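Beneath this line is the structure, given in structure tokens, with notes to follow.
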Amino acid sequence: MDLEKFNLPRYLTTLPLFSSMREDELTRLATGCELRRMERGKLIFRTGDPCNEFHVPVLGQVKLFAISPAGTEKVIELCGPGHTFAEAVMFLGVPYVVSAQTLSDTLLLTVDKAVVLREIQFNPDFSLRMLAGLSRRLHGLVKDVEGYALHSGVQRVIGYLLGDRMTESDAASEAITVSLPVSKAAIASRLSLTPEYFSRVLNELETAGLIQVDKRDIHITDTARLANYQPR
């Protein structure tokens, strides 16, 4: 991708946060944006660094993670293309509370705090969209905590594979393929599972005839059966 020819205002319209903005507003917002190519394994920021912007992967994958006092890494979130992160911390005016690292070669868009605050001041609709985005993020975190507390490891893996496609009550029977965007170890950490347990669950589901594992491609033979699977 030629960054000099990259149409930044047009790309911003593909993000839910900016999709309803006028052309002049997008042009102003673009003045506070920066595009960076980052290699796999590159740290974007560390816990404790000052936060004066938020970020969006245009291409690639980013993990948000924390390190326990014992030195164990916990993946907090996996962010793919179009997934914004660090907005809440930016508004709080506090340092980053987690670290961020690329999981693949990544094209990262960074949006400066000053230009966002300027648009909020003059555009009430933009303010509402920012609040809606932060509310969705909070709702997702609440669902994560609920899942860790109430769901077994097998149920968490199944939930991850099925995503937002369906719930158990309205699941339709179909065959789909899910491509894991990052390593199994990163996904396991995101689900608060060990890599070994995550692999055992995949093996259990494969033995039950519910999935077929082909490296990072997970072929689900019947989504309804998978959604209603009861662990042994």
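The shown structure was predicted, so the numbers you read here are calculated from the model rather than taken from an experiment.
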Given V201 and F198, is the side-chain contact (heavy atoms from CB on, under 4.5 Å) satisfied, shown in steps?
-> CA-CA 5 Å; V201 171; F198 182 72; 5.7 Å; no
Taking the side chain as C-beta and beyond, is there a heavy-atom pair between [X] and [Y] under 4.5 Å?
X	Y	answer
N123	E25	yes
H55	C79	no
L26	T13	yes
D214	H219	yes
T177	I218	no
L205	I158	yes
Q101	I44	no
V213	K184	yes

Which is it for T221 and L226 under the side-chain contact (heavy atoms from CB on, under 4.5 Å) test, yes or no, and what are the steps along the way?
-> CA-CA 8 Å; T221 56; L226 180 61; over 6 Å; no
Euclidean distance, [Y] [atom2] relative to [X] [atom1], rounded to 0.5 Å:
X	Y	atom1	atom2	result
C51	E87	SG	CD	9.5 Å
E73	S99	CD	OG	9.0 Å
N228	T223	CG	OG1	9.5 Å

E34 meets the salt bridge (charged side-chain N to carboxylate O under 4.0 Å, His left out) criterion, sequence neighbours left out, with none
Output field: ring centroids F54/F85 closer than 6.0 Å | no
[X] with [Y], same ILVMFWY side-chain cluster at under 4.5 Å:
X	Y	value
F18	F6	yes
L64	L43	no
L35	L15	yes
F122	V111	no
I67	V97	no

Show me the donor-acceptor pairs, under 3.5 Å and distance only, between side chains in residues 112-121 and residues at least two apart or in other chains.
{"unit_1": "D112", "atom_1": "OD2", "unit_2": "A114", "atom_2": "N", "d": "3.0"}
{"unit_1": "K113", "atom_1": "NZ", "unit_2": "M90", "atom_2": "O", "d": "3.3"}
{"unit_1": "R118", "atom_1": "NH2", "unit_2": "R28", "atom_2": "O", "d": "3.2"}
{"unit_1": "E119", "atom_1": "OE1", "unit_2": "R28", "atom_2": "NH2", "d": "3.2"}
{"unit_1": "E119", "atom_1": "OE2", "unit_2": "R28", "atom_2": "NE", "d": "2.8"}
{"unit_1": "E119", "atom_1": "OE2", "unit_2": "R28", "atom_2": "NH2", "d": "3.3"}

Indicate the atoms forming the closest heavy-atom contact of V98 with T47, along with that distance.
-> C-OG1, 3.2 Å
Of the non-hydrogen atoms in P57 and V62, which two are nearest, and what is the gap between them?
-> CG-CG2, 4.0 Å
Heavy-atom neighbours of R216 CZ exceed 12 at 6.0 Å | yes
More than 12 foreign heavy atoms under 6.0 Å from CZ of R40: is that the case here?
-> no
Parallel, tilted or perpendicular: ring planes of F45 versus Y96, cut at 30 and 60 degrees | parallel
Using distance alone, with no hydrogens and no angle criterion, decide if T207 and E204 have a side-chain donor and acceptor under 3.5 Å apart.
-> no
Results of ring-ring contact (aromatic ring centres under 6.0 Å, His included) for F65 - residues two or more places apart only = none
Stepwise, does the side-chain contact (heavy atoms from CB on, under 4.5 Å) test hold for L103 with L78?
-> CA-CA 9 Å; L103 291 173; L78 297 170; 3.8 Å; yes
CA sep, side-chain torsions, deciding dist, call: E39, K42, salt bridge (charged side-chain N to carboxylate O under 4.0 Å, His left out) = CA-CA 6 Å; E39 298 178 350; K42 184 74 172 179; over 6 Å; no
